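For reference, the structure is listed below as structure tokens.
It should be emphasised that the depicted structure is a prediction, and the values quoted were computed from it without experimental measurement. Chain identifiers are assigned alphabetically (A, B, ...) following the order of the sequence lines, protein sequences preceding nucleic acid strands; residue numbering begins at 1 within each chain.
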Protein chains: 2
Amino acid sequence: MNETAKLELTQPPKTRIQRKNHALILEAALEVFSTHGFRGATVDQIAAQAGLSKPNLLYYFATKETIHVALLSRLMENWLAPLEALNADGAPIEELLGYMHRKLEMSRDYPRESRLFANEILQGAPRILPSLETDLRNLVDAKCLLIQRWMDAGQLAPSDPYHLIFSIWSLTQHYADFGVQVGAVLGTGAVDFEQAHQHLTLHFTRMLTP
Amino acid sequence: MNETAKLELTQPPKTRIQRKNHALILEAALEVFSTHGFRGATVDQIAAQAGLSKPNLLYYFATKETIHVALLSRLMENWLAPLEALNADGAPIEELLGYMHRKLEMSRDYPRESRLFANEILQGAPRILPSLETDLRNLVDAKCLLIQRWMDAGQLAPSDPYHLIFSIWSLTQHYADFGVQVGAVLGTGAVDFEQAHQHLTLHFTRMLTP
DNA sequence: GTCTATAAAATGATAGAC
DNA sequence: GTCTATCATTTTATAGAC
């Protein structure tokens with residue numbers, strides 16, 4: 001009984017109002033953590049952003065750390081999905097262009113999630129390094145075997161599959177993580193993702209065509 | 001007289017011991033700010049890292065903000081140099097490969113500076129946005145004109161010069177900013193920059209050759 | 001569930017002796 | 001120049017009323 005009650009505080013909540021506030025807090029925390037990093041964010045800020053009092057926020061998440069962990073856990077699930085979707089039965093170049101496209105869409109639609117991840121990595125990945133060394137590494141290993149087979153079969157221009165994947169990550173995430181800089185240089189204040197997509201399609205078509 | 005005395009606290013110091021401690025503090029602050037960002041860093045941490053007492057550190061830099069500004073100012077000078085060196089009289093492909101190489105060397109030799117910059121951009125560039133919109137933008141504009149001329153002359157494969165420069169930034173800085181992730185995925189714990197250089201050379205040769 | 005009040009610790013900065 | 005001591009504020013978290 002006590003264990004059940006305890007779990008309810010860390011598990012997805014049950015009542016309507018609980019679900020609503022739970023979501024409000026995660027939304028607010030995403031905004032604040034993605035901009036200032038874990039240590040730079042304050043519970044006050046998150047509570048204000050969520051429109052809740054600080055004690056009320058801490059009724060839902062016992063500590064600041066708990067909120068951060070909840071965000072990172074949710075993120076890691078979605079973070080791997082685009083690469084998991086790389087299909088061995090598809091056409092190699094189209095598959096990799098599709099992967100690039102999905103990653104660019106994530107930069108466009110979920111820039112805060114991208115910056116949350118970037119903050120964590122910049123700080124040395126203190127909370128998700130274990131996940132990177134297992135989940136992410138295993139997934140990348142598997143997909144690199146596939147890419148290597150495509151290259152050996154002459155369906156892709158040969159290169160290092162690992163660094164090829166790194167290049168997809170860096171080029172697509174750049175438009176979320178460094179979007180302010182891109183906007184400043186272009187004088188637009190914001191990224192034109194259609195433009196970015198055209199350039200990256202051209203870029204990887206040249207890189208991948210045998 | 002008073003103004004001179006005041007300036008000496010913000011200008012490069014004069015005596016041997018001042019110069020030494022000034023440098024010690026900037027070195028320590030670079031370490032801490034690059035990992036935790038401005039708000040996540042504490043004066044205590046920086047003082048401990050520098051081997052000085054907190055009041056003694058604050059004798060050299062009046063506030064935490066002053067140290068951060070000093071680091072960013074120094075950084076912006078060096079940050080533009082590799083692009084400035086792009087030479088209109090050189091061979092186009094070699095010039096751009098050389099620029100990529102210089103940027104990758106900076107990721108290898110000055111990863112903390114790269115992460116300091118990344119932290120500032122991630123946080124919305126609150127301190128250096130004006131510099132991005134003027135100094136950086138003007139420099140990029142000028143170099144993109146040159147690159148466009150090279151493309152028009154058929155010496156480079158055509159693409160968007162701005163996004164081409166963004167791709168050089170993102171691919172090279174990735175090995176500093178996301179080095180922990182690269183090391184985790186490769187199982188090496190650290191980036192092999194020789195390997196990265198080979199891949200990026202191949203990558204941009206394919207991208208740029210007409 | 002939500003609030004006011006507040007404790008306990010940290011953090012940025014200063015005072016003043018030496 | 002460097003130190004000890006300390007202040008003022010911010011910040012995390014809790015207590016307890018409603």
Side-chain angles (χ1 to χ4, degrees), chain A residues 4-29 31-33 35-71 119 123 126-127, chain B residues 4-29 31-33 35-71 119 123 126-127:
Chain A
T4 305
K6 205 174 178 183
L7 277 177
E8 277 171 5
L9 290 177
T10 53
Q11 297 288 343
K14 296 298 187 329
T15 76
R16 239 163 296 135
I17 190 162
Q18 276 178 329
R19 246 191 291 273
K20 181 191 159 196
N21 281 342
H22 194 92
L24 264 179
I25 292 167
L26 287 182
E27 160 67 21
E31 186 73 27
V32 178
F33 280 132
T35 304
H36 295 107
F38 177 72
R39 288 185 46 178
T42 70
V43 178
D44 273 297
Q45 261 184 304
I46 299 172
Q49 181 83 25
L52 297 173
S53 70
K54 189 161 50 174
N56 199 16
L57 181 149
L58 290 169
Y59 167 78
Y60 289 96
F61 292 89
T63 68
K64 174 179 163 182
E65 175 90 25
T66 310
I67 312 175
H68 195 240
V69 168
L71 279 178
N119 261 305
Q123 289 163 26
R127 292 164 187 87
Chain B
T4 305
K6 205 174 178 184
L7 276 177
E8 277 170 5
L9 290 177
T10 52
Q11 297 290 343
K14 296 298 188 324
T15 75
R16 238 163 298 133
I17 191 162
Q18 275 178 329
R19 245 191 291 274
K20 182 191 159 198
N21 281 342
H22 194 92
L24 264 179
I25 292 168
L26 288 181
E27 159 67 22
E31 185 74 26
V32 178
F33 280 131
T35 303
H36 294 107
F38 178 72
R39 288 184 46 178
T42 70
V43 178
D44 273 297
Q45 259 184 305
I46 299 171
Q49 181 82 26
L52 297 173
S53 69
K54 188 161 51 171
N56 198 16
L57 180 150
L58 291 169
Y59 167 78
Y60 288 97
F61 292 88
T63 69
K64 176 180 163 182
E65 175 90 26
T66 310
I67 312 176
H68 196 240
V69 168
L71 279 178
N119 261 306
Q123 289 162 26
R127 292 164 187 87

Original post:
Nearest heavy-atom pair of Ala28(A) and Gln49(A): which atoms, and what distance?
Top reply: CB-CG, 3.5 Å

Subject >> Residue pair His22(A) / Phe61(A): nearest heavy atoms and the distance that separates them >> reply: CE1-CZ, 3.3 Å

To the nearest Å, give me how far apart [atom1] ([X]) and [atom2] ([N]) are.
X        : N       : atom1 : atom2 : result
Leu57(B) : dC3(D)  : CG    : C1'   : 14 Å
Phe33(B) : dT11(C) : CZ    : P     : 13 Å
Ile25(B) : dG1(D)  : CD1   : P     : 12 Å
Phe61(A) : dT2(C)  : CZ    : C1'   : 17 Å
Lys54(A) : dA7(C)  : NZ    : P     : 15 Å
Glu65(A) : dA13(D) : CD    : C1'   : 14 Å
His68(B) : dG12(C) : NE2   : C1'   : 16 Å
Ile17(B) : dT2(D)  : CD1   : C1'   : 9 Å

**OP:** Check whether any side-chain N or O of Ser53(A) sits under 4.0 Å from OP1 or OP2 of dC3(C), and answer yes or no.
**Re:** yes

Original post:
OP1 or OP2 of dA13(C) less than 4.0 angstrom from a side-chain nitrogen or oxygen of Tyr59(B), does that happen here?
Top reply: no

**OP:** Identify whether any heavy atom of Ala41(B) sits under 4.0 Å from a base atom; if not, whether one sits that close to sugar-phosphate; answer base, sugar-phosphate or nothing.
**Re:** sugar-phosphate

Subject >> Sugar-phosphate only, base, or nothing, as touched by Leu52(B) at under 4.0 Å among non-hydrogen atoms >> reply: nothing

Name the closest nucleotide to the [X] side chain, picking from [options].
X        : options                  : value
Asn56(B) : dT4(D), dG12(C), dG1(D)  : dG1(D)
Arg39(B) : dC3(D), dT2(C), dT11(D)  : dT11(D)
Leu58(A) : dT2(C), dG1(D), dA13(D)  : dA13(D)
Asn21(B) : dC3(C), dT2(D), dA13(C)  : dT2(D)
Pro55(A) : dT4(D), dG1(C), dC3(C)   : dC3(C)
Asp44(A) : dT11(C), dT11(D), dG1(D) : dT11(D)

Original post:
Taking side chain as C-beta onward, heavy atoms only, is Leu57(B) less than 4.5 Å from Ile67(B)?
Top reply: yes

**OP:** Indicate yes or no: at least one non-hydrogen side-chain atom of Ile46(A) is less than 4.5 angstrom from one of Phe33(A).
**Re:** yes

Original post:
Which sits closer to the 5' end of DNA chain D, Gly51(B) or Lys64(A), going by the nucleotide each is nearest to?
Top reply: Gly51(B)

Original post:
Do the rings of Phe38(B) and His68(B) sit parallel, tilted or perpendicular, given the 30° and 60° boundaries?
Top reply: tilted

